[in-house]
Number of protein chains: 2
Amino acid sequence: MQNIEQMLVEHGVRPTIHRIHIARYILGEADHPTADEVLDWANQNLSKISRATVYNTLRELTQAGLIREFRFPQVSRTVYDKNTENHFHFYDQASDSFMDLNADSVKVDIQLPPSFKVNCVDILVSGNCSQ
Amino acid sequence: MQNIEQMLVEHGVRPTIHRIHIARYILGEADHPTADEVLDWANQNLSKISRATVYNTLRELTQAGLIREFRFPQVSRTVYDKNTENHFHFYDQASDSFMDLNADSVKVDIQLPPSFKVNCVDILVSGNCSQ
DNA sequence: ATATTTGCAAAGCCTTTGCAGGGGA
DNA sequence: TCCCCTGCAAAGGCTTTGCAAATAT
């Protein structure tokens, strides 16, 4: 992965220490973490950090387009995704975790009256993957 | 619409007065109401009713299969739907309201590894309909 | 008599906000 | 200096829960 600090700057985000670490975590090892998981991780691996800062940072990074925010029908929490491409998700009910489905693997054809203008399509496939 | 009381009984729900009224409202005039809308409606049209009873009733009716519960990525509240068939939703961002898309108007083809078992697919199409 | 339903208030979960203090440009 | 960032605690939106009182079987 390229230099995180530089990425932040390129996206117009001031690279504070917290932002760098959180960005590195989400863009790297984390897999669809929630705000709470980010907080826990930060508290274990960095100095103590406040909940508000985590939420602020996640909002910053999302607005900057570095990560994406997803909320799902089945699950109350918001998750953050390093994948900013157009894609969908598979929710594994057994492990309570999410996987990306890239846009190519999902074909959707929606018939709508011509007056309907579509801005986005959210798809969540739920089930089990016995990997 | 057929007799509501009878429908409740057939679905194993004791037909209390609140349940009958709420079921009639959701199965009839209401359009994807939230718990709060049901509460407001009940307080205007019935005797006062508590929030807990509304939530309890909505849970009962949902579990009985008389209505369905939907939660969407874009919107925090849960909505209740008289349509219990397999279907998807269109979210009109301008009016902040939902419309049903019947399953026929949405074709989805999802390529998954064979070990994946799909239980359900949630789709929300967001945009504007200038009707 | 017994089980169910209801109302109320409190708590819970997740997220946002207000404000004061601290640190970097 | 000045502005932005951070932390803390409080509040906010929505939903659930605990418990006692009312109601139905």
Side-chain angles (χ1 to χ4, degrees), chain A residues 4-5 8-9 11-23 25-26 32-64 66-81 96 98, chain B residues 4-5 8-9 11-23 25-26 32-64 66-81 96 98:
Chain A
I4 296 280
E5 184 167 344
L8 291 177
V9 173
H11 284 78
V13 177
R14 265 168 220 261
T16 69
I17 190 75
H18 287 155
R19 289 173 183 169
I20 293 170
H21 281 121
I22 290 177
Y25 174 59
I26 299 182
H32 298 96
T34 62
D36 244 54
E37 281 164 24
V38 173
L39 178 62
D40 289 347
W41 173 85
N43 280 335
Q44 284 175 15
N45 296 275
L46 314 174
S47 53
K48 292 286 174 278
I49 185 176
S50 82
R51 194 173 289 276
T53 299
V54 169
Y55 276 102
N56 286 340
T57 301
L58 292 172
R59 179 161 21 84
E60 291 285 339
L61 298 179
T62 301
Q63 287 175 351
L66 278 156
I67 62 178
R68 274 184 72 180
E69 190 179 275
F70 284 99
R71 214 173 314 239
F72 297 107
Q74 320 248 351
V75 191
S76 58
R77 65 214 174 192
T78 301
V79 307
Y80 296 86
D81 196 331
D96 185 35
F98 296 97
Chain B
I4 296 280
E5 184 167 345
L8 292 176
V9 174
H11 285 78
V13 177
R14 263 169 222 260
T16 69
I17 190 73
H18 287 156
R19 289 173 184 169
I20 294 170
H21 280 122
I22 290 177
Y25 173 60
I26 298 183
H32 298 96
T34 62
D36 245 54
E37 282 164 23
V38 173
L39 178 61
D40 289 348
W41 172 86
N43 280 334
Q44 285 174 14
N45 296 274
L46 313 174
S47 55
K48 293 284 173 278
I49 185 178
S50 82
R51 193 173 291 276
T53 300
V54 169
Y55 277 102
N56 285 340
T57 301
L58 293 171
R59 178 159 25 82
E60 291 284 339
L61 298 179
T62 302
Q63 287 177 350
L66 278 157
I67 61 178
R68 275 183 71 181
E69 190 180 276
F70 285 98
R71 213 174 316 237
F72 297 106
Q74 320 248 354
V75 191
S76 58
R77 62 209 179 198
T78 301
V79 306
Y80 296 86
D81 197 330
D96 185 35
F98 296 97

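Lettering follows sequence order; numbering is per chain, from 1. Keep in mind the model is a prediction, meaning the values are calculated, not measured.
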Nearest-Å distance, [atom1] ([X]) to [atom2] ([N])?
| X | N | atom1 | atom2 | value |
| --- | --- | --- | --- | --- |
| A:Ile20 | D:dT6 | CD1 | P | 10 Å |
| B:Asn56 | C:dC8 | CG | P | 14 Å |
| B:His21 | C:dT6 | NE2 | P | 12 Å |
| B:Leu8 | C:dT5 | CG | C1' | 14 Å |
| B:Glu5 | D:dA24 | CD | P | 13 Å |
| A:Arg51 | D:dG12 | CZ | C1' | 15 Å |
| A:His18 | C:dG24 | NE2 | C1' | 14 Å |
| A:Tyr55 | D:dT6 | OH | P | 17 Å |

Grab the two heavy atoms, one from B:Asn43 and one from B:Ile49, that are nearest each other, plus how far apart they are.
OD1-N, 3.0 Å
Kindly say if A:Thr16 contacts the phosphate of D:dT6, meaning a side-chain N or O under 4.0 Å from OP1 or OP2.
yes
Would you call the rings of A:Phe72 and A:Phe98 parallel, tilted or perpendicular, where under 30° means parallel and over 60° means perpendicular?
parallel
Considering heavy-atom distances to DNA chain C, does A:Asp36 or A:Arg59 have its closest nucleotide positioned more toward the 5' end?
A:Asp36
Go through C:dT5, D:dG7, C:dG7 for me and flag the one nearest to the A:Thr53 side chain.
D:dG7
Output the single nucleotide from C:dT6, D:dT6, D:dT17 whose closest atom is nearest the side chain of B:Ala52.
D:dT17
Can you list the steps and then say if B:Phe70 with B:Thr78 is a side chain to side chain contact (heavy atoms under 4.5 Å, CB included)?
CA-CA 6 Å; B:Phe70 285 98; B:Thr78 301; over 6 Å; no
Derivation and outcome, side chain to side chain contact (heavy atoms under 4.5 Å, CB included), residues A:Val13 and A:Arg19:
CA-CA 9 Å; A:Val13 177; A:Arg19 289 173 183 169; 3.7 Å; yes
Step by step, work out the side chain to side chain contact (heavy atoms under 4.5 Å, CB included) result for A:Leu61 and A:Leu8.
CA-CA 8 Å; A:Leu61 298 179; A:Leu8 291 177; 3.5 Å; yes
Nearest-nucleotide check on DNA chain D, B:Arg14 vs A:Ser50; residue mapping nearer the 5' end is A:Ser50
Scan A:Thr78 against the nucleic acid and name what it touches under 4.0 Å (heavy atoms): base, sugar-phosphate only, or nothing.
sugar-phosphate
